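A quick write-up on the structure given underneath.
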Amino acid sequence: MKIAVCISQVPDTATRIKIGADHKSIDPSGVTFIINPYDEFAIEEALKIKEKIGGDSLVYVISVGDDSVKETLRKALAMGADEAILLKASNQKDSFGIAKALSEEIKNLGCELVFTGKQSVDFDSGITGQLIAEMLDYNCVSVVVEFKLDGNKIIAEREIEGGREIVETELPAVITAQKGLNEPRYASLKGIMAAKKKIILEKPAIDFNGFTEILNLHLPPSKQPGRILGTDKSAVPELVRLLREEAKVI
Amino acid sequence: MAEKILAVLEQREGSLKKVSFEAASVAVNIANQLGLSAEALVVGSEINNLSELSKFGISKLTHLRHEQLNNYSPTAYSDVIASYANENGAKVLIFPNTAMGVDLAPRVAVKLNSGIMMDCMKLEVKDNDIVATRPVYAGKALIDLKLKSEIKIFTIRPNVFKPQTVNSTSVDIEVRTVENPNLKTRVTAFKKSEGKLDVAEADIIVSGGRGMKGPENFHLIEELAEVLGAAVGASRAVVDAGWRQHREQVGQTGKTVSPSLYIACGISGAIQHLAGMSSSKYIVAINKDKDAPIFNVADYGIAGDVFEILPALTDEIKKLKS
Ligand SMILES: Cc1cc2nc3c(=O)[nH]c(=O)nc-3n(C[C@H](O)[C@H](O)[C@H](O)COP(=O)(O)OP(=O)(O)OC[C@H]3O[C@@H](n4cnc5c(N)ncnc54)[C@H](O)[C@@H]3O)c2cc1C
Ligand SMILES: Nc1ncnc2c1ncn2[C@@H]1O[C@H](COP(=O)(O)O)[C@@H](O)[C@H]1O
């Protein structure tokens, strides 16, 4: 079986965001980019499935982005993915456009099972997997914390408010990975060496303008530093009074 | 046919969720400004509280009904919602940004070839168009944008848009039976987690961090949460240590929340944690280190020991409530 994993690269979560001169994107200077944390769970699950079903299964990692994404793709190869594909697009931030490019490639490759992260921690939309599924007419289970594949049949658990839903469906399908699904492996030295030799296939992403028009990227209004009411429990009545009378939240 | 704004409501176990009323109210508000009409749509089986919608100015509700649609099915729900929207001239669709909304809205978007913007915290009408504001980089920045598509979908973050009540009118409820729902993907069961309230839905959150010293001390957090009717949250440090479960984690790799009140106890305020909660309306910090970064975002703070402050705070609130 052919399995695709879609991965994106995001600013390190410790990054302090600076607004770029265009007021539409961030200032990338000094920003370290990492693989989107949820995508590591997606890669791990794909590798586990490949190991389980064996045969001539292949895991493809695919990303839409610019040259800088190659490093992240290489990391996925080092973890054990078989092939990497970079769909080149310089400033593609529109989820619809990204999903169109990815689904086109997934269709060409003939992948029946697709993993994505549940959300990329830059734009935080959490929708790319569902968009791909709908574009390809695949089934989809999002925010998955447990995944079982038996022949064609899928039983997955997804996290929702206050519990988990058990979802049943079948291949072909897109699964979006949530933390808890597995423990992503570290790349072995052998994996890292092998990844260095692999070729990352590059092709242009299909052209799609997308539907979003960014007007303005800005920082949240900075908060006035608050009041420290005291250092021991004698401050508690005043705190409760303020919450009640000033904030009116209790 | 008049153009419409459609609020797509969410029901769980036969009741509309609170965020459904928020979505309805947003739809009414935008419709008034754009001169369109606002309607609501819900998919499910038996639903008990539909008439409450009248309080929010919705005059028409369509209930797409089938016994097997009590539970969520992405395939069936997206099919029936997209065909309804198509047949009824929906120009704007508002979904709650819940687990269901995030799963469902993008699928409907592809079917309608519409642009989609998730997790909006503000929707404003300017020059006869909708400008959405949403957090990016887990709330470290905000972005204002417009959708250029003919049909537009927005999902709204729970707890942010307070529903506005209007003089009660009656809702005209039309029930349509769904024929042969497409159940290719379906929810077959729900496992409730033992915690009472989910951080993503709570109006008040009491969170504990490494300053709580151990899992055995979280009863202090739980007791305060109990008297406030609040959900329990956690920092990643205590989730990684196995003291609390990941579903309670607040922050960039947990949940981003915007409650009315967030009480951080023994949490330092690392950038990834702040990202997830700094859009809360009011923030209280209890931390014995007066220089902890959490105090930079807190409205009120006590620079003291959680083991002394928490029981006193719980008692004081109990007094107030009795
Ligand atoms: C990729 C990545 C993603 C991350 N995502 C998240 C995330 O989603 N959410 C998140 O929370 N973190 C996240 N983190 C971790 C984050 O960087 C911090 O390590 C974490 O938030 C710290 O948790 P803490 O505040 O509980 O612990 P600490 O930083 O150890 O703080 C403990 C605090 O308790 C105070 N304290 C100690 N004893 C007492 C006492 N008796 N009374 C009062 N106060 C006391 C101390 O003064 C201190 O300020 C992430 C990190 C990375 C690298
Ligand atoms: N540019 C991209 N290239 C490849 N995969 C992506 C890209 N953007 C998002 N994804 C995938 O879609 C998931 C959800 O992203 P998002 O919808 O942007 O929150 C991510 O975890 C990735 O697996």
Side-chain angles (χ1 to χ4, degrees), chain A residues 11 13-14 16-17 19 26 37 96 121-127 130-131 133-135 139-143 159-169 179-180 211-220 223 225-233 235-237 239-240 242-244 247 249-250, chain B residues 74 98-99 102-103 106-107 110-111 115-116 118-119 131 136-149 184-193 198 200-201 228 246-247 252-253 260-261 271-272 282 284 290 295-304 308-309 312-313 316-317 320:
Chain A
T13 57
R16 287 188 195 278
I17 298 295
I19 306 295
I26 61 166
F96 232 92
V121 303
D122 51 3
F123 270 49
D124 297 311
S125 296
I127 58 174
Q130 298 88 301
L131 292 172
E134 194 63 44
M135 287 169 181
N139 292 305
C140 179
V141 192
S142 61
V143 199
E159 199 172 84
I160 69 159
E161 298 84 2
R164 289 173 172 199
E165 281 178 336
I166 319 293
V167 185
E168 295 188 20
T169 189
K179 183 171 177 176
F211 294 130
T212 37
E213 181 185 343
I214 295 178
L215 303 173
N216 188 21
L217 180 71
H218 49 107
L219 296 177
K223 275 192 104 156
R227 270 176 279 170
I228 301 225
L229 307 170
T231 54
D232 58 25
K233 68 179 175 194
V236 166
L239 173 62
V240 172
L242 287 167
L243 289 176
R244 201 173 147 80
V249 287
I250 59 172
Chain B
T98 51
V102 175
D103 191 76
R107 313 195 54 148
V110 173
K111 289 187 200 288
I116 176 164
M118 306 301 290
D119 205 20
V131 175
V136 287
Y137 303 99
K140 291 176 195 167
L142 297 171
I143 196 162
D144 304 334
L145 16 78
K146 282 202 280 203
L147 291 175
K148 295 180 288 186
S149 49
K184 261 193 342 192
T185 307
R186 68 213 166 269
V187 171
T188 52
F190 176 59
K191 287 205 232 164
K192 223 176 156 75
S193 46
D198 195 278
E201 294 188 303
L228 287 169
H246 179 251
R247 64 182 156 77
Q252 192 157 8
T253 52
S260 306
L261 174 60
I271 188 166
Q272 297 95 343
Y282 283 90
V284 171
K290 67 171 187 5
F295 287 118
N296 297 336
V297 300
D299 297 277
Y300 311 117
I302 300 181
E308 179 193 339
I309 314 291
L313 185 53
E316 190 71 20
I317 289 168
L320 188 82

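Everything numeric in this text was worked out from a predicted model, so none of it was measured. Order of the sequence lines sets the chain letters (A, B, ...), proteins ahead of strands, with each chain counted from 1.
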So which part of [X] gets closer than 4.5 Å to some heavy atom of chain A, the side chain, the backbone, both or neither?
{"X": "B/I271", "result": "side chain"}
{"X": "B/D119", "result": "neither"}
{"X": "B/L228", "result": "side chain"}
{"X": "B/L320", "result": "side chain"}
{"X": "B/A189", "result": "both"}
{"X": "B/Q252", "result": "both"}

Tell me, out of [options], who's got the most heavy-atom pairs with chain B below 4.5 Å.
{"options": "A/I127, A/T13, A/L242", "value": "A/T13"}
{"options": "A/A247, A/G226, A/P37", "value": "A/A247"}
{"options": "A/N216, A/L229, A/L243", "value": "A/N216"}
{"options": "A/K179, A/E168, A/Q130", "value": "A/E168"}
{"options": "A/D122, A/I250, A/L131", "value": "A/D122"}

Test side chain to side chain contact (heavy atoms under 4.5 Å, CB included) applied to A/V240 and B/I317, step by step: CA-CA 7 Å; A/V240 172; B/I317 289 168; 4.1 Å; yes

Contact origin within [X] toward chain B - heavy atom pairs under 4.5 Å:
{"X": "A/P237", "value": "both"}
{"X": "A/L239", "value": "side chain"}
{"X": "A/R16", "value": "both"}
{"X": "A/F123", "value": "both"}

Strictly distance-based, threshold 3.5 Å: is any side-chain N or O of [X] a donor or acceptor partner for the main-chain N or O of [Y]?
{"X": "A/E213", "Y": "B/K148", "answer": "no"}
{"X": "A/T169", "Y": "B/K184", "answer": "yes"}
{"X": "A/E134", "Y": "B/K111", "answer": "no"}
{"X": "B/T188", "Y": "A/V167", "answer": "no"}

For the atom pair [atom1] ([X]) and [atom2] ([Y]), what is the distance rounded to the nearest 0.5 Å?
{"X": "B/K192", "Y": "A/I160", "atom1": "NZ", "atom2": "CD1", "value": "9.5 Å"}
{"X": "A/L217", "Y": "B/Y137", "atom1": "CG", "atom2": "OH", "value": "7.0 Å"}
{"X": "A/I228", "Y": "B/K290", "atom1": "CD1", "atom2": "NZ", "value": "8.0 Å"}
{"X": "B/E316", "Y": "A/K233", "atom1": "CD", "atom2": "NZ", "value": "11.5 Å"}

Report the option among [options] that has the most heavy-atom pairs separated by less than 4.5 Å from atoms of chain A.
{"options": "B/I116, B/N296, B/T98", "answer": "B/T98"}
{"options": "B/G115, B/G304, B/P106", "answer": "B/P106"}
{"options": "B/L261, B/D103, B/I309", "answer": "B/D103"}

Quick check: closest heavy atoms across [X] and [Y], and the distance to 0.1 Å?
{"X": "B/A141", "Y": "A/I17", "answer": "CB-CG2, 4.2 Å"}
{"X": "B/G139", "Y": "A/P220", "answer": "O-CG, 3.5 Å"}
{"X": "A/D124", "Y": "B/V136", "answer": "OD2-C, 3.9 Å"}
{"X": "B/S149", "Y": "A/F211", "answer": "CB-CD2, 3.6 Å"}
{"X": "A/A235", "Y": "B/I302", "answer": "CB-CD1, 3.9 Å"}
{"X": "B/P74", "Y": "A/C140", "answer": "CG-O, 4.3 Å"}

Residues B/D144, A/H218; criterion side chain to side chain contact (heavy atoms under 4.5 Å, CB included); working and verdict: CA-CA 8 Å; B/D144 304 334; A/H218 49 107; 3.0 Å; yes

B/K140 NZ: over 12 foreign heavy atoms closer than 6.0 Å: yes

